[in-house]
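One structure is given here, and the rest of the page talks about it.
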Amino acid sequence: MWGDEVAREKYQTLTEQMFYILVCLTKEACGVDIMKEVADLTDGRVIIGPGTLYSLLDKFVKEKVILETRVESRKKNYVITDLGREMLEKEYIRLAKLKKDYEMLVRGGE
Amino acid sequence: MSDTRKRIMFFRFDNYEKTEKKLEKLASKGLFLEECGSFLWTFRKGKPQKVKYTVTYFPEGSVFNPGITDKQQTYFDYAEAAGWNFVTGFNQMQIFTSKADNPIPFETDEKEKLENIKQCMKKSFLPYMIVMILIFAFNLVVHFNSFKLNPIDFLSDTSRLLPVLMYSAIILYNAYTLIDYLLWCRRSEKSIAIRGTCARRSFLVQKIVDTIFLCFIIASTAYLLFHLALKTSFLFLFLSIAQMPILIFVFWSSIRYLKKKKASRSKNRAISYVVLIAADFAYVALLMIFIMQFGLRPSDDSNYRTVDWQLTKTESHKYRLYSDEIPLISQDLYGPIDYDYYSYESELDTTIFLSRSSYRQDSPPAKDSPPEIEYEIIEPRFDFVYSLAREDLLEIPGWRNNTSFVPISNKTFGTVEAYQRHYGKKQTGEYALFFKDKIIALHMEEALTPKQIALVKDKLQI
């Protein structure tokens, strides 16, 4: 449980790359798929380099944000955990709040 | 004809940018990296091409790994999917190449990148640097002790002074590298905190430091070898120089052999280090045996003859009788001596601190051996060397309580300070003479008569 707290503490906000990796892993996927999918999803706006992808997945597994499911002909597959979902949800709420504040304070003020 | 070429690469493990630039430059000249090592890198010759290289660090990478680990393979697979092909690695350092014009950057999150670099550097680069600094610092301490024991011997010996200078340079260089890396980490952290990238390094400063360091090491090694070549035998010289390369070769052979045998990383590391330490001890023992057998002086020094000296009825020993020119001989002081086994030795040492000439006329041990004399002339170049030499010369160990240096008139030798050693009340033939810019120590068998003093002054040009 202590590890969960550390992860929550650490990822109070997610980087775009972390966000999209977790979004992709709401369905089981392997690293190479994630890289391609994120690029497709964002029309190439968000690119994840292989080194960064490896570090992030490694860290997410260690912090139990994602889970290694199975190894299929050398490909490691991962899926998000409850803790990961919780973090995504939190990030969504945070972004939604940002959006709302912007609309109210900036757009609404026009 | 071989289409590969070995090159000496003077690279810094933590400076990935510089290595990348260098590899790209070599590729544009038609040399493509095949394999890297701690020193010698292998390149394949081909058509000059514009290729990108990226140098990254993988925490699990190690020269002791029997092969590519599963995790490493996953890492390579990700890289390949992004258009980066693995070329070679050394410890944590991994090198990839891409022919694409604008390949996906290998690292897209600067914070992760820095964290990863820091983690990897802790595994081999930092311990290696610290161990190097400690080893050379330990060497300095050993030398400092030998300096304290006999400062004048030390300061007049180039073959001890120069290594001290080299060790200091190595310590400074390693400390510089270490500090440079730590400062880079701090600058990168600051930059990343405001959403910047990892800090860039100035290649120019590093190039200047590297060049100065390299020139210094090469020049001082060459000087040291030249100096030693005059004083020691070539075989000994060869054995001393060959030590490092031979030990490195043994270490790497052990690593390679165990890799072939698929030994695990920890096993390979443990065995290879034991082999290295054992080989080091064996080598030093070999050197010691060599010194004991053949001595350090060159064997082709023709300025001596060897006599087989009967010590007792059953025991004999070989003595070397030298015939160097020395300014003052026993015959000058005591008149003609009919004796065939005198050895005349002179030795001149010059360093930046002082020049010292030592002279000795002695004979193999015998009951009625003729008078022997020994004297040295020290010319210090600095005041502190003068006072060190003075202290050294006048020092009497605490346990000798019946002997002392008694001042004598400065008029006798024309000195600024002069002493004669006494045993109890008896005057001896040992003198410590201090002049304005030189010091002379005389070791005669008996106190000198005024006539002999005049002769000494004449011969030694006092």
Side-chain angles (χ1 to χ4, degrees), chain A residues 6-7 9-25 28-63 65-78 91, chain B residues 16-17 20 52-61 67-87 89 92-98 100 102-121 123 192-193 195-198:
Chain A
V6 172
E9 191 83 3
K10 212 167 178 178
Y11 303 115
Q12 288 206 341
T13 61
L14 298 176
T15 63
E16 275 187 303
Q17 296 181 61
M18 290 175 181
F19 180 81
Y20 279 109
I21 289 175
L22 291 181
V23 165
C24 283
L25 286 179
E28 188 183 25
C30 72
V32 173
D33 292 342
I34 298 171
M35 235 186 323
K36 287 182 180 144
E37 225 179 299
V38 172
D40 288 348
L41 266 173
T42 60
D43 284 331
R45 190 179 61 81
V46 176
I47 297 284
I48 306 176
T52 304
L53 178 75
Y54 185 90
S55 310
L56 287 177
L57 288 177
D58 194 47
K59 233 158 90 172
F60 283 162
V61 171
K62 274 186 192 140
E63 279 152 6
V65 175
I66 61 170
L67 196 72
E68 196 182 308
T69 49
R70 63 200 159 90
V71 183
E72 197 181 3
S73 64
R74 245 171 51 185
K75 280 184 184 169
K76 274 182 197 150
N77 285 279
Y78 302 94
E91 184 67 12
Chain B
Y16 55 93
E17 274 175 285
E20 284 166 4
K52 288 255 176 208
Y53 281 95
T54 197
V55 175
T56 67
Y57 304 94
F58 187 72
E60 225 186 52
I68 289 163
T69 63
D70 286 348
K71 285 184 177 176
Q72 213 170 359
Q73 190 56 58
T74 310
Y75 188 64
F76 293 171
D77 290 343
Y78 294 172
E80 212 182 312
W84 289 103
N85 295 311
F86 176 66
V87 185
Q92 290 81 26
M93 185 172 82
Q94 313 287 317
I95 302 178
F96 294 88
T97 182
S98 168
N102 238 336
I104 296 176
F106 208 91
E107 304 280 351
T108 44
D109 185 318
E110 295 291 318
K111 199 172 158 224
E112 294 299 327
K113 176 177 163 179
L114 180 65
E115 260 175 45
N116 179 47
I117 289 177
K118 274 161 64 179
Q119 192 196 346
C120 290
M121 292 305 149
K123 291 205 168 178
I192 288 167
R195 305 208 163 210
T197 59
C198 286

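Chain letters run A, B, ... following the sequence lines, proteins first and then strands; every chain starts at 1.
Residues A:Val32 and B:Ala81 share a closest heavy-atom pair of CG1-CB, 3.5 Å.
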With 3.5 Å as the limit, can you list every donor-acceptor pair between chain A and chain B, backbone and side chains included?
unit_1	atom_1	unit_2	atom_2	d
A:Gln17	OE1	B:Thr108	OG1	2.7
A:Gln17	NE2	B:Thr108	O	2.7
A:Gly49	N	B:Thr108	OG1	2.8
A:Gly51	N	B:Phe106	O	2.9
A:Thr52	N	B:Glu107	OE1	3.4
A:Thr52	OG1	B:Glu107	OE1	3.2
A:Thr52	OG1	B:Thr108	N	2.7
A:Thr52	OG1	B:Asp109	N	3.3
A:Lys59	NZ	B:Glu112	OE1	3.2
A:Lys59	NZ	B:Glu112	OE2	2.8
A:Lys59	NZ	B:Glu115	OE1	3.2
A:Arg74	NE	B:Asp77	OD2	3.4
A:Arg74	NH2	B:Asp77	OD1	2.8
A:Arg74	NH2	B:Asp77	OD2	3.4

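Heavy atoms closer than 4.5 Å to chain B are found nowhere in A:Ile34, neither backbone nor side chain.
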